[in-house]
S.K.: 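My questions all concern the structure below.
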Amino acid sequence: MIKFYNTLHRKVEEFTSIKDKEIRLYTCGPTVYDYAHIGNFRAYLFEDLMRRYLSFMGYKITHVMNITDIDDKTIRKSIEEKKTLTDFTKKYVEAFFEDIKTLNILPAHHYPKATEFIPQMIEMIQVLVDKGYGYTTDDGSVFFKISNFPDYGKLANLNPDEMRTGSRIESDEYEKAEGRDFVLWKSRKPEDGEVYWDSPWGEGRPGWHIECSAMSTHYLGTHFDIHCGGVDNIFPHHENEIAQSCAATGDKFVNYWIHNEHLLVDNKKMSKSLNNFHTLRDLLNKGYSPETIRYTLISTLYRQKLNFTFEKLEASQKAINRLRELKRRLETVSSNSGIDLQNECKTVIENIMKILGDDLNISGALGVLFTWVGDVFGLLDQNKVSSTGAQNGLELLDKIDTILGVINTQSHDIDSSIEVLIAKRETARKEKDWVLADEIRNQLLEIGIILEDTPDGPIWKKK
RNA sequence: GGCGUCGUAGCCAAGUGGUAAGGCAUCGGUCUGCAAAACCGCAAUUCACCAGUUCGAAUCUGGUCGACGCCUCCA
């Protein structure tokens, strides 16, 4: 049984897909005005973990992720840099694709951009206006009338009547009937520069929320299985999406709303506005491997706040090395006698999948995995594993890695200078020149290479 | 003010009624030229605090304290 925490009902509930063994999934993607930070990637990695798990369990998944390339920030920054909107966002779209590849995130099947779906958005807004959910204002903007949609506030568990009218609403430059109504179409303003489209209501641009409604419906239909995003999107973004989509189509829209918690730095939300963020590129430049970053962000339950520290990165690298070391040891086994690990492996994989089925309890699953890892190391030290057993162990690691994605992705680029040093040290060791041998080992350590002597010769790994 | 999440060893983190997984770090031992890796052993009489329910509570109930998030930019 697979269970997920559904924000809509605020509880963990059994997952059933609309169509048997098929899942239609929509995940909120990046706004491409800057490089994404690792807090953003925590969301994409949680979605990747979920997707890989569901694939493993035999579901065929259609995954759509939007790319927001029209909003206040993309427009403002493109004007600052004196570029067209598309020219400006192109760089960050490309960076985003590079980064998800680096992190071994499975690509979505569709990456619609907001700028490419203006007609669909206009069409949906028109439907809302025709049905009486949308109204226009004198300046040519269109708003969604919340009071006509009784279910408004259900996802966020907010009562619209009690919503605080704060400074942000007062400072809103667009006219609207009620403070809590949200914008579907924004009339053209001087600060938008040349970014505008023609519409039945005049020149302007779409509001933020409508893009996800239009694009998800376009690819996945009016009723699909899962919609993901960060908890900060629950309100207003997803609440508004539900209102727009259900009002426009009359259908149910989404069965499971699944939200990930934030990544924290110094126990505060990692965000651009607090300037406490790390980008993937920053961490790679500091020498941390993509797998380390992936493991760090993936290995805590997605609904738990995760405080980012460099200690955690170090611990993750060690944990990955432990898995890779087991793999290496299993690959050296060539014994006909011993345990074949058949039943052990079967039980372990079943347990892991069962635990992951409980709302993606990755920590629990890793606990099972590492208990097994310790057991196998113990048997290997006593030469009690047969080559069949080693094969079974390797298969288990491969299976697990189709979900974790951190063991087999090593970019173990052969650096010839490292090989030369290792060879030099081996000569020194044969001559029992321990001083030189140790010197070379320390030299390698300084450039982040750990050298280990094994009965089969020296091996090296990244620190 | 409203809504919500969380508090488990030095750090991270599972466990939601039956007597505390796992990772990292530390310390002893085996192995090693020395290391590293691996293994063995040691490590919370205890789950923020107080009260209650129960044969039994980290887990349920009430309260207290503390941390964080959302309430129209946000993963």
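Chain naming here is simple, since letters A, B, ... match the order of the sequence lines and numbering starts at 1 in each.
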S.K.: I need the NE2-C1' distance between His237(A) and C71(B), as an integer number of Å.
M.R.: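 So the NE2-C1' distance, His237(A) to C71(B), works out to 17 Å.
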
S.K.: Say you pick atom C1' in U19(B) and the same atom in U64(B); how far apart are they, in whole Å?
M.R.: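 Rounded to whole Å, the distance is 27 Å.
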
S.K.: Tyr152(A) OH to C71(B) P: how many Å, rounded?
M.R.: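 Value for this atom pair: 12 Å.
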
S.K.: Under 4.0 Å between a side-chain N/O of Asn157(A) and OP1 or OP2 of G4(B), yes or no?
M.R.: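 Yes, because at least one side-chain N or O of Asn157(A) sits under 4.0 Å from OP1 or OP2 of G4(B).
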
S.K.: I'd like the P distance from G7(B) over to C47(B), given in whole Å.
M.R.: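 About 14 Å, rounded to a whole number of Å.
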
S.K.: Identify every side-chain donor-acceptor pair in residues 259-266 of chain A under 3.5 Å, counting partners at least two apart or on other chains, and give the distances.
M.R.:
from: His259(A); atom 1: ND1; to: Thr7(A); atom 2: OG1; distance (Å): 2.7
from: His259(A); atom 1: NE2; to: His238(A); atom 2: ND1; distance (Å): 2.8
from: Asn260(A); atom 1: OD1; to: Gly230(A); atom 2: N; distance (Å): 3.4

S.K.: Which pairs, with at least one residue in residues 290-309 of chain A and sequence neighbours excluded, count as a ring pair (Phe, Tyr, Trp, His ring centres under 6.0 Å)?
M.R.: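 Qualifying pairs: Phe46(A)-Tyr302(A), His278(A)-Phe308(A), Phe308(A)-Phe310(A).
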
S.K.: Using heavy-atom distances to pick each residue's nearest nucleotide on RNA chain B, tell me which of Asp358(A) and Tyr33(A) is more 5'.
M.R.: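 On the 5' side of the pair lies Asp358(A).
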
S.K.: Kindly write out the residues that satisfy ring-ring contact (aromatic ring centres under 6.0 Å, His included) with Tyr5(A), not counting sequence neighbours, or none if the list is empty.
M.R.: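 With neighbours one apart ignored, the set is empty.
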
S.K.: Would you give me the side-chain donor-acceptor pairs under 3.5 Å for residues 104-114 of chain A, sequence neighbours excluded?
M.R.:
from: Asn104(A); atom 1: OD1; to: Arg52(A); atom 2: NH2; distance (Å): 3.4
from: Asn104(A); atom 1: ND2; to: Gly405(A); atom 2: O; distance (Å): 3.1
from: His109(A); atom 1: ND1; to: His63(A); atom 2: N; distance (Å): 2.8
from: Tyr111(A); atom 1: OH; to: Ala108(A); atom 2: N; distance (Å): 2.9

S.K.: Using a cutoff of under 3.5 Å, can you pull out all pairs of nitrogen or oxygen atoms linking the protein to nucleotides 31-40 of chain B, with atom names and distances?
M.R.:
from: G33(B); atom 1: O6; to: Arg425(A); atom 2: NH2; distance (Å): 3.4
from: G33(B); atom 1: O6; to: Arg429(A); atom 2: NE; distance (Å): 3.4
from: G33(B); atom 1: N1; to: Asp438(A); atom 2: OD1; distance (Å): 3.0
from: G33(B); atom 1: N2; to: Asp438(A); atom 2: OD1; distance (Å): 3.3
from: G33(B); atom 1: N2; to: Asp438(A); atom 2: OD2; distance (Å): 2.8
from: C34(B); atom 1: O2; to: Arg441(A); atom 2: NH2; distance (Å): 2.6
from: C34(B); atom 1: N3; to: Arg441(A); atom 2: NH1; distance (Å): 3.0
from: C34(B); atom 1: N3; to: Arg441(A); atom 2: NH2; distance (Å): 3.3
from: C34(B); atom 1: N4; to: Asp453(A); atom 2: OD2; distance (Å): 3.2
from: A35(B); atom 1: N6; to: Asp453(A); atom 2: O; distance (Å): 3.1
from: A35(B); atom 1: N1; to: Asp453(A); atom 2: N; distance (Å): 2.9
from: A35(B); atom 1: N3; to: Arg441(A); atom 2: NH1; distance (Å): 2.9
from: A36(B); atom 1: O2'; to: Glu452(A); atom 2: OE2; distance (Å): 3.2
from: A36(B); atom 1: N1; to: Asp453(A); atom 2: O; distance (Å): 3.4
from: A37(B); atom 1: O4'; to: Glu452(A); atom 2: OE2; distance (Å): 3.4
from: A37(B); atom 1: O2'; to: Glu325(A); atom 2: OE2; distance (Å): 3.0
from: A38(B); atom 1: OP1; to: Arg322(A); atom 2: NH1; distance (Å): 3.2
from: A38(B); atom 1: O2'; to: Asp381(A); atom 2: OD1; distance (Å): 3.1
from: A38(B); atom 1: O2'; to: Asp381(A); atom 2: OD2; distance (Å): 2.8
from: C39(B); atom 1: OP1; to: Arg322(A); atom 2: NH2; distance (Å): 3.0
from: C39(B); atom 1: OP2; to: Arg322(A); atom 2: NH1; distance (Å): 3.4
from: C39(B); atom 1: O4'; to: Asp381(A); atom 2: OD2; distance (Å): 2.8

S.K.: Rounding to an integer number of Å, can you tell me how far Ile352(A) CD1 sits from A21(B) C1'?
M.R.: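 Nearest whole value for this atom pair: 13 Å.
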
S.K.: Excluding sequence neighbours, so at least two apart, what forms side-chain hydrogen bond (donor to acceptor under 3.5 Å, both in side chains) with Ser78(A)?
M.R.: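 If we apply the side-chain hydrogen bond (donor to acceptor under 3.5 Å, both in side chains) test to Ser78(A), skipping adjacent residues, there are no hits.
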
S.K.: Just to confirm, is there a sub-4.0 Å distance from OP1 or OP2 of A75(B) to any side-chain nitrogen or oxygen of Thr31(A)?
M.R.: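 True: Thr31(A) side-chain N/O within range (under 4.0 Å) of A75(B) OP1/OP2.
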
S.K.: Using atom P of each nucleotide, how far apart are A75(B) and A20(B) to the nearest Å?
M.R.: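 Comparing P positions in A75(B) and A20(B) gives a spacing of 44 Å.
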
S.K.: From CD1 of Ile67(A) over to C1' of A75(B), roughly how many Å is that when rounded to an integer?
M.R.: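 Going from CD1 in Ile67(A) over to C1' in A75(B) covers 14 Å.
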
S.K.: Report which part of the nucleic acid Lys269(A) touches: base, sugar-phosphate, or nothing (heavy-atom distance under 4.0 Å, all strands).
M.R.: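 Contact class for Lys269(A): base.
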
S.K.: When rounded to the nearest Å, what value does the distance between C1' atoms of U46(B) and U8(B) take?
M.R.: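 To the nearest whole Å, 9 Å.
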
S.K.: Under 6.0 Å from the NZ atom of Lys354(A), do we count more than 12 heavy atoms belonging to anything else shown?
M.R.: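 No, because the 6.0 Å sphere around NZ of Lys354(A) holds 12 heavy atoms or fewer from other groups.
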
S.K.: Apply side chain to side chain contact (heavy atoms under 4.5 Å, CB included) to the pair Phe144(A) and His209(A), showing each step before the final yes or no.
M.R.: CA-CA 11 Å; Phe144(A) 187 93; His209(A) 315 296; over 6 Å; no

S.K.: Closest to the His262(A) side chain: A75(B), G22(B), A14(B)?
M.R.: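 Per side-chain heavy atoms of His262(A), the pick is A75(B).
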
S.K.: Counting Watson-Crick and G-U wobble pairs with both distances under 3.5 Å, what is the dot-bracket string for RNA chain B, 5' to 3', using [ ] for crossing pairs and | for pairs to another strand?
M.R.: ((((((((.[[[..)..(...]]]..((((.......))))......[[[[[..)....]]]]])))))))....

S.K.: Who pairs with Glu452(A) by side-chain hydrogen bond (donor to acceptor under 3.5 Å, both in side chains), at least two apart in sequence or on another chain?
M.R.: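 So Glu452(A) forms a side-chain hydrogen bond (donor to acceptor under 3.5 Å, both in side chains) with Lys461(A).
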
S.K.: Find the distance Ile234(A):CD1 to C70(B):C1' and express it as a whole number of Å.
M.R.: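 Rounding to the nearest Å, CD1 of Ile234(A) and C1' of C70(B) are 8 Å apart.
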
S.K.: Please report the distance, rounded to the nearest Å, between CD1 in Ile258(A) and P in A75(B).
M.R.: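 Atom-to-atom, Ile258(A) to A75(B), this comes out as 19 Å.
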
S.K.: When we call it a touch if two heavy atoms are under 4.0 Å apart, what does His209(A) touch: a base, just sugar-phosphate, or nothing?
M.R.: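 Nothing: the residue His209(A), judged by heavy atoms under 4.0 Å, touches no strand.
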
S.K.: Expressed in angstrom and rounded to an integer, what is the separation of Arg42(A) atom CZ from G69(B) atom P?
M.R.: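 In whole Å, G69(B) P lies 14 Å from Arg42(A) CZ.
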
S.K.: Of all residues at least two apart in sequence or in a different chain, which pass the side-chain hydrogen bond (donor to acceptor under 3.5 Å, both in side chains) check with Glu426(A)?
M.R.: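 Applying side-chain hydrogen bond (donor to acceptor under 3.5 Å, both in side chains) to Glu426(A) gives Arg429(A).
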
S.K.: When we call it a touch if two heavy atoms are under 4.0 Å apart, what does Lys73(A) touch: a base, just sugar-phosphate, or nothing?
M.R.: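 Base contact - Lys73(A) has a heavy atom under 4.0 Å of at least one base atom.
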
S.K.: Using a cut-off of strictly less than 4.0 Å, decide whether Lys268(A) has a side-chain nitrogen or oxygen near OP1 or OP2 of C68(B).
M.R.: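 Checking Lys268(A) against C68(B): at least one side-chain N or O falls below 4.0 Å of OP1 or OP2.
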
S.K.: Between Thr279(A) and Asp282(A), do the side chains contain an N or O donor and an N or O acceptor separated by less than 3.5 Å?
M.R.: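 The answer is yes; a qualifying pair exists.
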
S.K.: Considering every strand and a 4.0 Å limit on heavy-atom distances, what is the contact class for Thr27(A): base, sugar-phosphate, or nothing?
M.R.: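 No contact.
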
S.K.: In whole angstrom, what separates Leu366(A)'s CG from G23(B)'s P?
M.R.: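 Computing the Leu366(A):CG to G23(B):P distance gives 10 Å.
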
S.K.: Using a 4.0 Å heavy-atom cut-off across all strands, classify Asn40(A) as base, sugar-phosphate, or nothing.
M.R.: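 Base contact.
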
S.K.: For the residue pair Phe4(A) and Phe15(A), does the interplanar ring angle fall in the parallel (under 30°), tilted (30 to 60°) or perpendicular (over 60°) class?
M.R.: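 Answer is perpendicular, since the angle exceeds 60°.
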
S.K.: Check ring-ring contact (aromatic ring centres under 6.0 Å, His included) between Phe224(A) and all other residues, then give those that pass, not counting sequence neighbours.
M.R.: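 Listed in chain order: Phe253(A).
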
S.K.: Can you tabulate the close N/O pairs, meaning under 3.5 Å, that link protein atoms to atoms of nucleotides 5-10 of chain B?
M.R.:
from: U5(B); atom 1: O2; to: Lys305(A); atom 2: NZ; distance (Å): 3.2

S.K.: Nearest nucleotide by nearest heavy atom, which residue falls closer to the 5' end of RNA chain B, Asn240(A) or Leu264(A)?
M.R.: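 First, find each residue's nearest nucleotide; the 5'-ward one identifies Leu264(A).
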
S.K.: Who pairs with Glu80(A) by side chain to side chain contact (heavy atoms under 4.5 Å, CB included), at least two apart in sequence or on another chain?
M.R.: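 Side chain to side chain contact (heavy atoms under 4.5 Å, CB included) check on Glu80(A) returns Arg76(A), Lys77(A).
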
S.K.: Hey, does Ile355(A) reach any base, or is it just sugar-phosphate, or nothing, if we go heavy atoms under 4.0 Å?
M.R.: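 Since no nucleic acid heavy atom lies under 4.0 Å of Ile355(A), the category is nothing.
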
S.K.: As a test of reading the structure: which of A13(B), G2(B), G69(B) is closest to the side chain of Leu158(A), going by heavy atoms?
M.R.: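 Ranking A13(B), G2(B), G69(B) by closest atom to the Leu158(A) side chain puts G2(B) first.
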
